[in-house]
Each structure stands twice: as structure tokens, then as C-alpha cells.
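Here is the structure we will look at.
Quick caveat: nothing in here was measured; it's all calculated off a predicted structure. One-based numbering along the sequence shown.
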Amino acid sequence: TMTTVPNLPARVVGRWGPTAARHAYRFDATAGSTWVFDLFSRRLGCRTDPALELESMTVSASGEEIFKEVAFADDRPKAFAGKSVDGLGLDPVVSFKVPATGRYRLTVTNLDGGHRSPADYVLEIRRPRPDFDLLAFLAIVDRTDVNNKMRLATPSLVRGGTAAIDVLVLRHDGFAGPVVVTAEQLPTGVRAEPLVIPASSNRGSLVLEATAAAPASCRPIRLVGRARIGDAPRLRVARGATLRWPITSRKQPHQLREVAAVYTAVTSDVAAISVRPESPQLSIAAGTSHALPLAVTRTADSKGPLTLKATGLPKLLKVDPVTVADKATAATVKITADAKLPPGDYAVVLSGISKRMFRRHPEAAARAASERDRLKAVVAARSAARDQQQTVVAGFDVAGSEADSDGSQPSEPAASRPAAEKVLADLTAGLKAATEALARAEQRFQQRQKAAAAKQIDVPITLPPITVRVTPKPKPQ
């Protein structure tokens with residue numbers, strides 16, 4: 001059977017069953033009009049695998065209906081690409097420009113067969129609404145895992161350091177304009193250059209920078225994207241997303257969950273190495289190259305060379321890897337624009353892995369040492385008091401011996417001896433407790449000192465973005 005949709009736009013609600021995994025709808029459309037067929041099922045929480053098939057309907061001379069496929073979609077197209085995660089979904093969408101006025105058939109199929117419940121769907125047929133959404137992806141590739149699985153990554157900066165947030169643009173219904181992303185409500189001492197995501201891309205890295213005097217803090221921030229759709233400005237605030245749970249193999253997709261807010265923290269640590277471009281902007285003509293100087297600042301904790309690379313660039317824009325030698329204070333990055341590279345602004349973000357000496361929570365070791373020294377003083381004081389009281393008790397023995405030898409009465413009442421012995425017992429117990437506490441404090445100090453010993457670790461580093469403005473290739477004279 002086939003159901004007629006009398007007028008477009010329309011919204012159709014249906015349910016598949018074990019014996020009805022295919023539903024067909026017919027409608028009339030006018031040449032030149034564009035319609036979007038957007039199906040919701042997996043997004044409603046149903047365990048389905050839907051597909052859309054669009055066919056033109058004509059009638060032969062003998063009156064037989066003839067169907068010809070004009071569009072098909074199984075899954076949604078990838079919203080963004082990369083090693084981390086993509087926007088692949090099982091709910092299909094079709095954007096269709098009607099080539100000829102006439103009748104068409106749309107078949108909605110559940111490839112899963114409709115054996116799992118629920119199997120509901122909502123089909124939205126509408127005019128295109130070009131728009132975009134922003135997603136701040138709070139996870140990074142775990143380099144220690146051979147399968148490059150993801151792990152959670154809340155933006156955290158050290159003083160004088162940087163942190164990058166992966167910003168994804170989800171483009172809807174053909175929106176293909178540039179998006180400018182800015183960071184608002186940043187912690188004191190933190191700044192971020194605006195990120196321009198060009199029309200040819202759908203993701204970028206927003207780099208946060210903390211000054212050397214930035215106070216330790218943690219607060220939610222706002223990432224705002226601005227674009228023009230037609231003649232109207234459009235503003236979208238990024239939603240935060242992170243991993244729902246870790247995966248166990250590379251064949252499993254990363255499942256995301258939305259978070260209430262995007263937080264950024266500044267710690268009291270100091271960056272071991274900082275690399276900054278001489279200028280955040282560079283103008284270069286297509287078909288030429290430019291060498292941009294980089295300034296390098298190091299502390300004594302910085303160890304070894306550093307290699308910086310740019311990712312996510314268009315194929316016609318080449319950025320050579322940069323090797324910053326150990327103890328070097330300057331470097332150069334070479335940027336080459338192919339002669340065929342379209343003019344425009346391109347964001348170049350260099351990143352790498354630096355090595356530094358790190359001391360884990362040295363304050364804890366210092367507090368443990370202070371507590372150990374305090375208990376040493378307590379043990380010494382209680383030991384002296386115990387020794388003094390032992391002398392007092394021993395004095396009773398001497399006085400008693402002298403009284404027995406000459407038959408005289410002791411100078412102190414006999415009741416004073418039990419009292420002195422009780423004081424001695426109390427002092428001895430107190431000394432034992434303090435000695436045991438000192439032993440535990442010494443053990444804690446050794447553990448904290450071992451944990452705080454300097455170790456070489458890997459630290460990601462991301463440079464502030466370089467905006468490369470490509471101008472047209474000079475015409476030959």
C-alpha cells in the first residue's frame with residue numbers, strides 16, 4: 001500500500017513492525033523546488049536502522065506505473081572528520097531539488113527488519129533551512145593506547161601555557177559559510193584569539209592562553225559562533241560534549257553525551273616551554289612561501305627537542321614540520337600556498353608533545369615533612385617528661401630505703417608514690433602513642449617524597465593560531 005501526502009511541507013509519524021518494515025508515501029512536487037526529507041528514529045531512542053529511497057513515478061502507454069530511483073540515503077553524511085570522532089548517524093537525510101514537475105514515491109525502510117521494539121519514526125518534509133550548530137568536543141586521543149582510543153580532556157592550563165578545544169561545526173541544509181568562534185567569560189588572565197572556521201572546513205582548534213601571572217581558578221566559559229546566512233547574522237553558542245563511556249576496540253564508535261557546561265581551569269604550575277609566532281597574522285600570495293619566526297621561552301624543567309606539526313589543513317596549503325632543538329630560543333616555520341589555493345583566510349595551528357620534569361604535588365611532601373618534624377619535637381618533649389618522672393618515682397625508692405635503715409618516717413606521704421607512678425604510666429603511654437604517630441608520619445613522608453620526585457613526562461603543547469591570508473597569485477608582468 002501507498003499513503004498519499006496531500007501537501008508539502010508535512011510531518012509523518014509511523015511505526016514499523018515485523019511484517020511491515022517498509023512504508024511508502026507518494027506526493028506531488030513542482031520542478032525547481034527543493035525539499036529536505038529528514039527522518040528521526042535512532043535520535044528518538046529506537047533501535048532501528050532506517051533508510052530513505054526517493055523515486056520518480058511515471059505511467060507508461062499501457063497504464064503501468066514506472067518507478068526510477070532519484071535519491072537514496074542509508075546513514076547521515078559525516079558531519080565532521082578526524083581521528084577523534086565523526087558525526088555519523090543512522091538516521092538518513094535527503095536534500096532533493098525536483099528536476100521535473102510530477103509525482104514521486106518515498107519509501108521509508110527499517111533495515112533492521114522491525115523485530116526490535118520500539119520501532120517508531122518521524123519523517124519531516126520541509127524547505128531547506130540553512131543553519132549551523134557548534135560542539136565543543138572535550139576529549140583527545142590517548143597517545144599511550146596502541147588503538148588511539150579517546151579519553152576525557154577538560155581544558156586545563158598552567159601559567160604561561162596553552163590548551164586547545166576541538167570545535168566542531170555541524171552544518172545544516174547546505175550552509176557553507178565561514179564561522180567565527182570566540183571565547184567569552186574566560187578566567188582572569190586567560191585569553192583566546194578568535195577562531196575562523198572557513199567554508200571549506202567544519203572543525204578547528206580554539207587555543208586558550210594563560211599569562212604567567214594568571215591566578216588559579218576554575219569556571220565555566222562560553223564559546224560563541226557567528227556567521228551570516230543570507231543577509232542575516234546568526235549566533236550560536238557551543239554545546240559541550242564528551243565521551244559517554246570508553247570503548248574497548250577500534251571497531252566500536254565513540255558514543256557522546258552532552259555536558260551541562262564547558263569548564264576551564266588554571267593551575268598554579270608554570271609552563272616549561274612556550275612557543276609563540278612572531279606575528280599572529282601572515283599575508284602570502286598563492287604560489288609562494290614564507291618563513292615565519294617563532295619565539296621560544298624555556299624553564300629549567302624543559303627537556304629535549306620539540307617537534308611541531310599542523311593538522312586539518314587544506315591539501316593546497318603546506319606547513320613544514322618544525323623541530324625546536326633542545327635549549328633553542330628561536331625557530332622558523334615555513335608555510336607554502338599552492339598556486340591553485342583559493343584566496344581567503346586559513347587558520348594554522350601548530351601542536352606537538354613537549355617533555356618536561358614534573359614533581360607531583362610537592363606541597364604534600366612539604367606538609368608531610370612539617371608534620372614529621374612536629375611529631376619529632378613532641379616525642380622529644382614527652383621522652384624528657386617521662387625521664388623526669390622516672391627520677392621522681394626512683395626518689396621514693398631512695399627515701400624508703402633510708403627510712404628503713406634508721407627507723408625514721410619518710411618525708412613524703414605514702415600516697416604520693418601511687419600518684420607519681422600513675423603520672424609516669426600516663427607519660428609512658430603518651431610517649432608510645434607519639435612514637436607510633438611519628439613512625440606513621442615518617443612512612444607518609446617517604447611516600448610523599450617518592451611521589452614528588454622529579455619525573456620526565458610528556459605534555460601536549462598548542463601554539464596560538466596563525467591566520468594565513470592567501471591573496472591571488474600575482475599576474476606575470
Side-chain donor-acceptor contact under 3.5 Å, Thr462 with Thr162
no

Can you give me every donor-acceptor pair (side chain of residues 315-335, partner residue at least two apart or in another chain, under 3.5 Å) with its distance?
unit_1	atom_1	unit_2	atom_2	d
Asp326	OD1	Gly304	N	3.4

Taking the side chain from Arg228 and the backbone from Val179, do they hold a donor-acceptor pair closer than 3.5 Å?
no

When rounded to the nearest 0.5 Å, the distance separating CG of Leu170 from CG of Asp133 is 6.5 Å

Quick check against the 3.5 Å criterion: does Arg382 have a side-chain atom that pairs as donor or acceptor with the backbone of Thr435?
no

Determine whether a donor-acceptor pair (N or O, by modelled atom type, separation under 3.5 Å) exists between the side chain of Asp91 and the backbone of Arg42.
yes

Could you measure the distance from the CD1 atom of Ile221 to the OH atom of Tyr263? Nearest 0.5 Å is fine.
11.5 Å

Given Arg11, Arg43, Arg129, the one that forms salt bridge (Lys or Arg N to Asp or Glu O under 4.0 Å) with Asp38:
Arg43

Between Thr336 and Ser289, does a side chain to side chain donor-acceptor pair (under 3.5 Å) hold up when you go through it step by step?
CA-CA 4 Å; Thr336 303; Ser289 300; 2.8 Å; yes

Partner set under ring-ring contact (aromatic ring centres under 6.0 Å, His included) for Tyr121, not counting sequence neighbours:
Trp16, His23

Can you check whether Ala420's main-chain N or O pairs, donor with acceptor, with Gln389's side chain at less than 3.5 Å?
yes

What I'd like to find out is whether the side chain of Val275 reaches to under 4.5 Å of the side chain of Leu306, using heavy atoms alone.
yes

Side chain to side chain donor-acceptor pair (under 3.5 Å) evaluation trace for Arg257 with Thr242
CA-CA 6 Å; Arg257 61 178 175 86; Thr242 188; 5.3 Å; no

Find out whether Asp131 and Ile229 are in side-chain contact, i.e. whether some heavy atom of one side chain is under 4.5 Å from a heavy atom of the other.
yes

Any side-chain heavy atom of Phe396 within less than 4.5 Å of one from Arg417?
yes

Do Pro464 and Arg276 have side chains that get closer than 4.5 Å, going by heavy atoms?
yes

Under-4.0 Å salt bridge between Asp458 and Arg356:
no

Nearest non-hydrogen partners of Asp345 and Pro198, listed with the distance:
O-CB, 4.2 Å

Counting N and O atoms only, with roles assigned by atom type, does the side chain of Thr288 sit under 3.5 Å from a partner on the main chain of Ala285, one being a donor and the other an acceptor?
yes

Give, for atom NZ of Lys303 and atom CD1 of Ile273, the distance between the pair rounded to the nearest 0.5 Å.
12.0 Å

Min side-chain heavy-atom separation Leu186-Glu184 under 4.5 Å:
no

Between Thr428 and Leu424 (side chain of the first, backbone of the second, donor and acceptor by atom type, cut-off under 3.5 Å), is there such a pair?
yes

Would you give the length of the straight line joining atom CD of Gln447 to atom CD of Glu442, rounded to the nearest 0.5 angstrom?
11.0 Å

From Leu431 CG over to Ser383 OG, what is the distance, rounded to the nearest 0.5 angstrom?
5.5 Å

Nearest 0.5 Å, what's the CD-OG distance between Glu363 and Ser370?
13.5 Å

Donor-acceptor under 3.5 Å (Ser354 side chain, Val459 main chain)
yes

